[in-house]
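This report refers to the structure that appears directly beneath it.
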Protein chains: 2
Amino acid sequence: MPPEDRDALHWLTRKLEALSPLDEADRAGFAALPHIRRRLPAGAHLVREGVRVTECCLLVEGYACRHKLAATGGRQIVSFHMRGDLLDIQHLLLSVADHNVQAITEVEVAWIPKTELKDLAHARPAIADALWKDSLIDASVFREWVLNVGRRDAKSRIAHMLCEFIARCEAAGLGSPERIDLPMTQEQIADATGLTSVHVNRMLRALSEDGVIVRDRRRLQVANWRELRRVADFDPIYLHEAAA
Amino acid sequence: MPPEDRDALHWLTRKLEALSPLDEADRAGFAALPHIRRRLPAGAHLVREGVRVTECCLLVEGYACRHKLAATGGRQIVSFHMRGDLLDIQHLLLSVADHNVQAITEVEVAWIPKTELKDLAHARPAIADALWKDSLIDASVFREWVLNVGRRDAKSRIAHMLCEFIARCEAAGLGSPERIDLPMTQEQIADATGLTSVHVNRMLRALSEDGVIVRDRRRLQVANWRELRRVADFDPIYLHEAAA
DNA sequence: CGACAACTTGACGGGCGTCAACCGGAGTGG
DNA sequence: CCACTCCGGTTGACGCCCGTCAAGTTGTCG
């Protein structure tokens, strides 16, 4: 059958197995998880700040972002997500969401009851380890983002965001530096890098003029991967083999 | 016996119990953990980027910070730590450190073998949950920091950092808004907020002139806690009761 | 009392935000 | 098939927040 018809949980086990070894019983445990599959339009809220969460959202197709709002109205995107990402693993143990998750393209998601996933983790230590490790990698990525918005200039920040997104897409089998479709708008890139969309536009142009990337609408081609990584100060160690 | 002579692990169990219920056997499991206690001077490296970690560092006394370095030489502090914090819980599952942890005052630490802590977590699900929850709260704090450096102006950033630090000190029984000793230099505040020490100094003065804080060397008094929280845009929900 | 780190303050400049106008493609409806 | 609309992208002018540089002060520890 075509990949898009596969079991929704396939992409989750695929990702977790790359992090931590799972045996046949672990895989069976995942496969047996009850879940409800839904297709939602771009802009749909998948997790809303302040709300008590009872189900975990698994992203099966499309892209999403996690963001927080400042009192002044500013929005900060703190991560992008793609096929196979569990969007709110933290709500297995934290009851109230401290941020929002929103679809940035049309998405397909699978809702898994929190209690079922928690029971599975308690029953099978290898699964608990894999999920824990996944959440630790998330935390590592957040640390890198603090560095990115705190200590790099605009061009580096954007380059870094691109490097990370490309590396993660590649790990998920969704593209390569040679040709990648960016799902996010320049305004979303701005919200992820702590800049404005106007300045993002200027910097993307600069990266083009430097011959580092080639742009054609939302399609991006990395003309010089080594140079992009250098400008970005990108060292994938912080992804902890999630992208290896 | 005086509190400072108590078992090193007391502060860890005290903190974790506030997050997640532990029974007598869980507490006994912690108490039985082998560990080596050490006193180290300010500036000592507790975790070093790129190094394979075999022991977990528990902070028993004093203060530490976690930081990353940019290629341009910039330093970004991504969190501060105090009594009772496990400094590298992430290395239970991630083998290589992606950042540094350094003492900012004289500290007392306890080194716990990774394998022992991991075995304990596997043997006692309540402990695994408590540790996992602790690391999820860490991640939540990182997300808030991304927002802080990405989307707030200098005065708010510093105010926010102060609010968080005070709230966490209070939770750890180390001070209150009425009188708190800041262990960090203005340069460290700058590295935590993505600013320069010069500008931190200007903003601290501004906060004083606004009548929000009163400074006397490293000693800080919050003159108007409500106003400080307002300026900081501080909503402690992201600490997930760690400070409740 | 000398040395050193941390703090303080002022002058100046630049990177990025703000504002505003315009363009271009995709979808929609007549 | 062509207007119309709308969202996202593009570009320029201008200004401010914060970085940089530099000099001086204060507190601490030997």
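Reminder, nothing fancy here: chain letters follow the sequence lines and each chain counts from 1.
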With B:His67, the side-chain hydrogen bond (donor to acceptor under 3.5 Å, both in side chains) member among B:Gln188, B:Gln102, B:His99: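 Testing B:His67 for a side-chain hydrogen bond (donor to acceptor under 3.5 Å, both in side chains) against B:Gln188, B:Gln102, B:His99 leaves exactly one candidate, B:Gln102.
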Between C:dC16 (C1') and A:Asp191 (CG): distance, integer Å: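 Rounded to whole Å, this separation is 15 Å.
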Heavy atoms from other residues, nucleotides or ligands near CD of B:Glu106 exceed 12 (cutoff 6.0 Å):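 For B:Glu106, atom CD is crowded (more than 12 foreign heavy atoms under 6.0 Å).
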More than 12 heavy atoms from other groups under 6.0 Å of CZ on B:Arg218: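 More than 12 within 6.0 Å, yes.
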Check this for me: does any side-chain nitrogen of one of [X] and [Y] sit under 4.0 Å from a carboxylate oxygen of the other?
X        : Y        : answer
B:Arg66  : B:Glu49  : no
B:Asp181 : B:Arg219 : yes
A:Glu164 : A:Arg229 : no
A:Arg39  : A:Glu61  : yes

Touch class at under 4.0 angstrom, heavy-atom based, for B:Gly74 against every strand present: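 Counting heavy atoms under 4.0 Å across all strands, no contact is made by B:Gly74.
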Outermost DNA chain D nucleotides near chain A [under 4.0 Å, heavy atoms]: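 So the outermost contacting nucleotides come out as D:dG8 to D:dA13.
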So which protein nitrogen or oxygen atoms get under 3.5 Å of nucleotides 6-11 of chain C's nitrogens or oxygens?
from: C:dC7; atom 1: OP1; to: B:Gln186; atom 2: N; distance (Å): 3.4
from: C:dC7; atom 1: OP1; to: B:Arg218; atom 2: NE; distance (Å): 3.1
from: C:dC7; atom 1: OP2; to: B:Gln186; atom 2: N; distance (Å): 2.8
from: C:dT8; atom 1: OP2; to: B:Gln186; atom 2: NE2; distance (Å): 2.6
from: C:dT8; atom 1: OP2; to: B:Asn201; atom 2: ND2; distance (Å): 2.4
from: C:dT8; atom 1: OP2; to: B:Arg215; atom 2: NH1; distance (Å): 3.3
from: C:dT8; atom 1: O5'; to: B:Asn201; atom 2: ND2; distance (Å): 3.1
from: C:dT9; atom 1: OP2; to: B:Arg205; atom 2: NE; distance (Å): 3.0
from: C:dA11; atom 1: N6; to: B:Arg202; atom 2: NH1; distance (Å): 3.4

Near-ring test B:Phe165/B:Tyr63, centroid separation under 6.0 angstrom: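 Under 6.0 Å, so yes.
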